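Positions are given from 1 along the sequence. Nothing here was measured: the structure is a model prediction, and the numbers come from that model. The figures here come from the full heavy-atom set of this structure, side chains too, leaving out hydrogens, waters and symmetry mates.
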Amino acid sequence: MAEGKIIETQRLRIVPFSEAYLSSRYVSWLNDPEVVRYSIQRYKKHTLETCREYWQSFKDTPNSLWAITMVDGEFEHIGNISAYIDVYNSIAGVGIMIGERGVWGQGYGLEAWVAVCHYLLYDIGIRKVEAGTLVTNKGMLRIMEKSGMVVDGRRIRHWLVDGQEVDAIFAAFFRHDGRESNGKI
């Protein structure tokens with residue numbers, strides 16, 4: 001895993017994932033059908049060992065995995081955010097999971113998203129940060145829209161969710177496209 005940096009916002013500390021975040025609570029998020037409804041993780045049964053293997057898969061790669069933690073509040077670890085780096089094309093594919101349902105709808109996902117994307121674009125120097133989601137994943141679509149991402153693709157009838165064909169939407173930030181002044185990134 002790339003040497004991770006602690007990224008701080010007003011309400012969050014986004015810290016390199018470590019053994020301390022491997023917990024039964026974390027495993028329970030991944031086994032909660034509502035949390036992983038729009039994730040490929042919905043097809044897997046998770047254990048502490050599978051979570052450890054996932055975390056370890058970042059070792060000796062340019063990719064990063066962070067734990068999203070609250071500065072103050074009832075919960076400490078509320079989710080994870082990852083960045084898969086294509087070093088040849090200077091692209092980061094970012095994914096996020098807010099597993100702690102008790103904080104859904106309070107803007108923590110957007111806050112973490114903006115902070116990590118800004119870090120990748122301006123501290124690391126990545127050229128493009130990209131993300132994809134299903135058109136039915138309203139939470140992620142809101143994050144993409146509110147953060148100022150530009151839609152740069154759509155795959156028609158790409159995924160099956162509950163037996164229904166669903167489009168995939170892709171969006172991106174570009175470091176040098178004049179969008180630096182949009183107040184988010």
Side-chain angles (χ1 to χ4, degrees), residues 4 6-58 63-84 92-120 129-149 158-164 166-171 184:
I6 295 174
I7 303 166
E8 296 183 289
T9 69
Q10 184 176 354
R11 301 182 300 163
L12 300 172
R13 290 186 81 230
I14 303 156
V15 300
F17 197 91
S18 70
E19 185 89 26
Y21 299 106
L22 290 174
S23 67
S24 59
R25 186 82 180 152
Y26 170 40
V27 174
S28 75
W29 299 339
L30 292 168
N31 289 318
D32 180 336
E34 191 62 24
V35 172
V36 297
R37 179 181 174 107
Y38 304 110
S39 169
I40 197 76
Q41 301 305 317
R42 70 185 180 271
Y43 299 117
K44 301 175 185 176
K45 172 72 174 155
H46 297 276
T47 65
L48 279 173
E49 189 53 38
T50 62
C51 291
R52 180 176 285 105
E53 289 169 5
Y54 174 69
W55 166 49
Q56 289 298 312
S57 74
F58 287 81
N63 309 319
S64 294
L65 176 64
W66 292 274
I68 303 168
T69 65
M70 294 177 71
V71 172
D72 297 310
E74 179 182 349
F75 306 104
E76 182 184 351
H77 182 205
I78 61 169
N80 297 329
I81 191 164
S82 61
Y84 287 88
V94 178
I96 188 170
M97 174 187 70
I98 301 297
E100 195 57 62
R101 289 165 125 208
V103 302
W104 284 7
Q106 298 177 42
Y108 291 107
L110 176 62
E111 191 172 325
W113 187 264
V114 168
V116 167
C117 291
H118 187 275
Y119 167 75
L120 292 166
V129 173
E130 64 181 5
T133 194
L134 306 175
V135 296
T136 52
N137 186 346
K138 302 303 182 199
M140 188 62 210
L141 288 174
R142 276 192 301 277
I143 287 174
M144 292 160 79
E145 179 184 342
K146 287 184 175 184
S147 66
M149 296 184 93
H158 189 68
W159 298 107
L160 287 174
V161 177
D162 300 328
Q164 300 296 311
V166 178
D167 293 2
I169 298 288
F170 299 90
K184 300 288 187 212

**OP:** Using the six-membered ring wherever Trp is involved, compare the ring planes of Phe58 and Tyr84 and label them parallel, tilted or perpendicular (cut-offs 30° and 60°).
**Re:** tilted
Check: [Y] and [X] side chains under 4.5 Å, non-hydrogen atoms:
{"X": "Arg11", "Y": "Asp72", "answer": "no"}
{"X": "Arg101", "Y": "Asp32", "answer": "yes"}
{"X": "Leu12", "Y": "Ile78", "answer": "yes"}

**OP:** Take atom CD of Glu145 as the centre, draw a 6.0 Å sphere, and report whether it contains more than 12 heavy atoms from other residues, nucleotides or ligands.
**Re:** no
Original post:
Is the count of non-hydrogen atoms from other residues, nucleotides or ligands lying under 6.0 Å from Glu53 atom CD greater than 12?
Top reply: yes
Donor-acceptor pair, [X] side chain versus [Y] backbone, under 3.5 Å?
{"X": "His77", "Y": "Gly79", "value": "yes"}
{"X": "Glu111", "Y": "Thr9", "value": "no"}
{"X": "Trp113", "Y": "Met144", "value": "no"}
{"X": "Thr50", "Y": "His46", "value": "no"}
{"X": "Thr133", "Y": "Leu141", "value": "no"}

**OP:** Test Tyr21 against every option in Ile68, Asn80, Val15 by the side chain to side chain contact (heavy atoms under 4.5 Å, CB included) rule and name the one that passes.
**Re:** Val15
Subject >> Centroid-centroid under 6.0 Å between Tyr54 and Phe17 rings >> reply: no
Subject >> Atom pair OH/CH2 of Tyr26 and Trp55 - distance to nearest 0.5 Å >> reply: 10.5 Å
Original post:
For the atom pair CD1 (Ile14) and CD1 (Ile6), what is the distance rounded to the nearest 0.5 Å?
Top reply: 11.0 Å
Original post:
Can you name the residues that form a salt bridge (charged side-chain N to carboxylate O under 4.0 Å, His left out) with Arg52, not counting sequence neighbours?
Top reply: Glu19, Glu49
Original post:
Minimum heavy-atom separation for Ile7 to Ala115, with atom names?
Top reply: CG2-CB, 3.7 Å
**OP:** Might you work through the side-chain contact (heavy atoms from CB on, under 4.5 Å) test for Phe170 and Met149, ending with a clear yes or no?
**Re:** CA-CA 9 Å; Phe170 299 90; Met149 296 184 93; over 6 Å; no
